[in-house]
Structures are given as C-alpha cells and as structure tokens.
Amino acid sequence: MAVDTTTAAPSHPEGDEGGEEAVRPLLSGAPAEVEDEELDIRYAPYARRDAYGPMGRGPLSAAQVARLVLAGVVLLPLRLVAGVLLVVAYYLVCRVCTLFVGGVGEGRPRLQGLRREAVLRAGRVLSRAMLFVFGFYWIPVSDRSFPNAEDVPKDHYEELERPGAIVSNHVSYVDILYHMSASSPSFVAKNSVSKLPLIGLISKCLGCIFVQRESKCSDSKGVSGAVTERLHEVSQDENSPMILLFPEGTTTNGDYLLPFKTGAFLARAPLQPVILRYPCRRFSPAWDSMDGARHVFLLLCQFANYIEVVRLPVYYPSEQEKQDPRVYANNVRKLLATEGNLVLSNLGLAEKRAYHAALNGLLCQS
C-alpha cells in the first residue's frame, strides 16, 4: 500500500507516523501583525483557495459583485424555497412511516420492512434532489469498491459488501448530503439535533447516534463506545444502517487530510473508505474558514457546484491493525491520502480555531 508522507505545512513537518498518533504543534494563535499569506502557509489545511479569499471577505471586481447581487435576488430565494420543501417532504415521509411504531420517543424508531425501505429510498432520492437544487447537477463517481473476484475468497465476498461504517474525508456539510444520497447511513450528532423541528424526526429515522458532548459522561471515550457498539450491531444485523464517520473531527479546504481519531477503528470492523473532492472555479464549497451563514449564501448563489467521489474497496484490518486501533487509523488515513492525492497534515481543531482567531484579529485591524 502506497503511503503519502508529504508534510501539511512547511512550518510543521510530520515525522514517520508508524502507527503513532501524530504530535500536534502547540499553537496559541498567530500574532496580529502576521500577514494573510504567512497565515495561509502556517495553517494551510484551512486556507481558502477561491476567488472570495480568507473568510469569504476578499475583494471582488464590479462584475463579480453584480453577478452575486443578481444570484442573490433570483437564484437564492428559489433554492431556499425548494430546499425547505424537500426537507418538509422527507419529514412527512418519516412521519407517515413512524405512525403506530414504537421507539420514536427513545430516539430510534423500530422501522421494519416496507416502512424502513420507504424511509431509506426517500432519503436517497430527496438528498440527491437537494444536491441538484444546490447546483450539484452531475456527480462523477469513480467506484473501486468491487475488487476482482479472483482476489476475494468466496466465503469472504459477502462481508466485503457489508462494512460497518463509511469513513470519509471531511470538507463541507455537503458531504452529509452526498452520503445520504448514496447509502443513507446514520451518523453521530449532538443530542440537541434530536429535538429540532423536522430534522429531529428525520435523524431518528436514520438511526443516528445522539451524544451529549458537553457532558462529562459523554466525553470522547463515551462517544467512541457508542460508535463501537453500533458497529458491532451493524455486523450482526443487516437491517442496521452503516455509520458515516469523519475521523478528522473537523473540515478542511479539501486538499489536506488531518490526523484520524481512533473511535471509528476500535471495533476492528471493516470500513468503506470514500474520498470527496470539490473542484471549483469561483466559490469553493469547502467549509474551512468561513461562518455558516455566509458560506450557505455564497454556495446557493453559485449556479453550478462540483463534487467528485472516489469509492475505494472495503478495507479489512490486518491482525496488527485489530490489535492497535492507531495503526488501523493511520493506515486507512494514508490510503485515503494516496488515492485522493491529499496532503497529510498534523494540524487539528485547535489550530483551526487559532487560524480563525488570527484572521478575525487582522480583520479588526483593517
């Protein structure tokens, strides 16, 4: 297996991982006088590479401003209304399918047979429709998930089609829409999501794992335990949905891959690796250094958006990887980096926050 050991940023070289957890630099934020270019180099995985610049507040030409105003008046309202209607439609499907079904109040309706099939099929269709509304008209998929028959033992082939989780790089909230349109997985969400209007019931029907991250009893170990338990459940029950996991723990600009958290690898279960890329001309759908409202506005104001998908073969852990989740996580990470032409970085969420703080400091000075 090819291994990409390229450093993420010149100021933070990454040594040989060899199964060890990447050591993250202790950064408290860049000084206010540091220029944007130097910040972009230091925090390369979070630097925007599109026409809108850092935090989406870069200078625009008169033609770009005119185009943005026109899209904001014509395209934005249409897409917002269509998006809301699609969410309401899916909610109604979930509401009908959960009538007289137990488990709704506990956070996981016990859907079986046609009810479950209706929820899954509607989720795939409506998620794809939502992507279309958002400007993702065509999604090219390079599917390498089916290896040659001669390479797979006959008694092992069915297992290859039933991994416990989808493991993907994390670039944008759009990632979730794509994965829903492709395989309708469950995912980890804050407990408050289960109480949201419309979205709450939808997330319950998808079999999401709800965690209270602010609580001491739901720290990373607790979340990992819940994920591990669900992975074991998936391996034993074909009706249990796979889990969608983003081991990086935060989003990047799509060119880098951050260190993986080991929670997805503790169950020693096979995984389905998926790589997402967002090529762009003006606005990048990557959610890196921009606030949510501004990002949604610019995304919906761009007529066409692009996403490319690579589905890799199901990854089965070796005995060494089963014994050490860090080795398992690092090997899957290197595979994604190699196949997706991504650069390995040793930065994390703390550095992302430092980058945002530094950018806000520069904006206040300007």
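What you see is a predicted model, and the numbers here were worked out from it, not measured in a lab. Values below: every heavy atom of this structure, side chains too, minus hydrogens, waters and symmetry copies. Count residues from 1 along the sequence.
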Practice item. In sequence, state the C-alpha distance, the side-chain angles, and the governing distance for Y278 and V174, and then conclude on side-chain contact (heavy atoms from CB on, under 4.5 Å). Key: CA-CA 10 Å; Y278 293 84; V174 180; 3.6 Å; yes

Review point. Does the ring centre of F132 sit less than 6.0 Å away from the ring centre of Y137?
Key: yes

Check your understanding: Aromatic ring centroids of F246 and F187 under 6.0 Å?
Key ->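 Here the rings of F187 and F246 have centres that are no less than 6.0 Å from each other.
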
Spell out, as yes or no, whether a donor-acceptor pair under 3.5 Å connects the side chain of [X] to the backbone of [Y].
X: N305; Y: G135; result: no
X: Y90; Y: V119; result: yes
X: E248; Y: H170; result: yes
X: R282; Y: D50; result: no
X: H295; Y: A286; result: yes
X: Q323; Y: Q320; result: no
X: R281; Y: A304; result: no
X: D288; Y: P45; result: no
X: Q272; Y: V167; result: no

Are more than 12 heavy atoms, taken from residues, nucleotides or ligands other than [X], located less than 6.0 Å from that residue's [atom1] atom?
X: Y173; atom1: OH; value: yes
X: Q64; atom1: CD; value: yes
X: E229; atom1: CD; value: no
X: L114; atom1: CG; value: no
X: R49; atom1: CZ; value: yes

Check your understanding: Do N169 and T252 have side chains that get closer than 4.5 Å, going by heavy atoms?
Key -> no

Out of curiosity, [X] [atom1] to [Y] [atom2], how far, rounded to the nearest 0.5 Å?
X: L70; Y: R67; atom1: CG; atom2: CZ; value: 9.5 Å
X: L244; Y: H179; atom1: CG; atom2: NE2; value: 5.0 Å
X: Q302; Y: L76; atom1: CD; atom2: CG; value: 13.0 Å
X: S192; Y: F210; atom1: OG; atom2: CZ; value: 9.5 Å
X: I275; Y: N341; atom1: CD1; atom2: CG; value: 9.5 Å
X: L299; Y: F134; atom1: CG; atom2: CZ; value: 6.5 Å

Exercise for review: May I have the step-by-step check of side-chain contact (heavy atoms from CB on, under 4.5 Å) for L276 and V309, ending in yes or no?
Suggested key: CA-CA 5 Å; L276 303 180; V309 182; 3.8 Å; yes

Practice item. Run the salt-bridge test on D40 and R48 with the 4.0 Å N-O cut-off and return the result as yes or no. Key: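 Salt bridge between D40 and R48, a charged N being under 4.0 Å from a carboxylate O: no.
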
Review point. Relative to the ring of F265, is the ring of Y328 parallel (under 30°), tilted (30 to 60°) or perpendicular (over 60°)?
Key: perpendicular

Practice item. Evaluate the side-chain contact (heavy atoms from CB on, under 4.5 Å) criterion for residues L60 and Y52: first the C-alpha distance (whole Å), next the side-chain angles of each, then the deciding distance (0.1 Å), finally the verdict. Key: CA-CA 7 Å; L60 300 176; Y52 292 90; 3.8 Å; yes

Review point. Can you list the steps and then say if L359 with Y46 is a side-chain contact (heavy atoms from CB on, under 4.5 Å)?
Key: CA-CA 11 Å; L359 288 177; Y46 313 118; over 6 Å; no

Point to revise | Considering all heavy atoms, the nearest S224-G263 contact | key: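 So the minimum-distance heavy-atom pair works out to OG-CA, 3.5 Å.
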
Point to revise | Criterion side chain to side chain contact (heavy atoms under 4.5 Å, CB included) against P185, the qualifying member of I166, V234, I176 | key: I166

Practice item. Starting from the C-alpha separation in whole Å, work towards a yes-or-no answer on side-chain hydrogen bond (donor to acceptor under 3.5 Å, both in side chains) for K352 and T251. Key: CA-CA 9 Å; K352 185 176 186 179; T251 55; 2.7 Å; yes

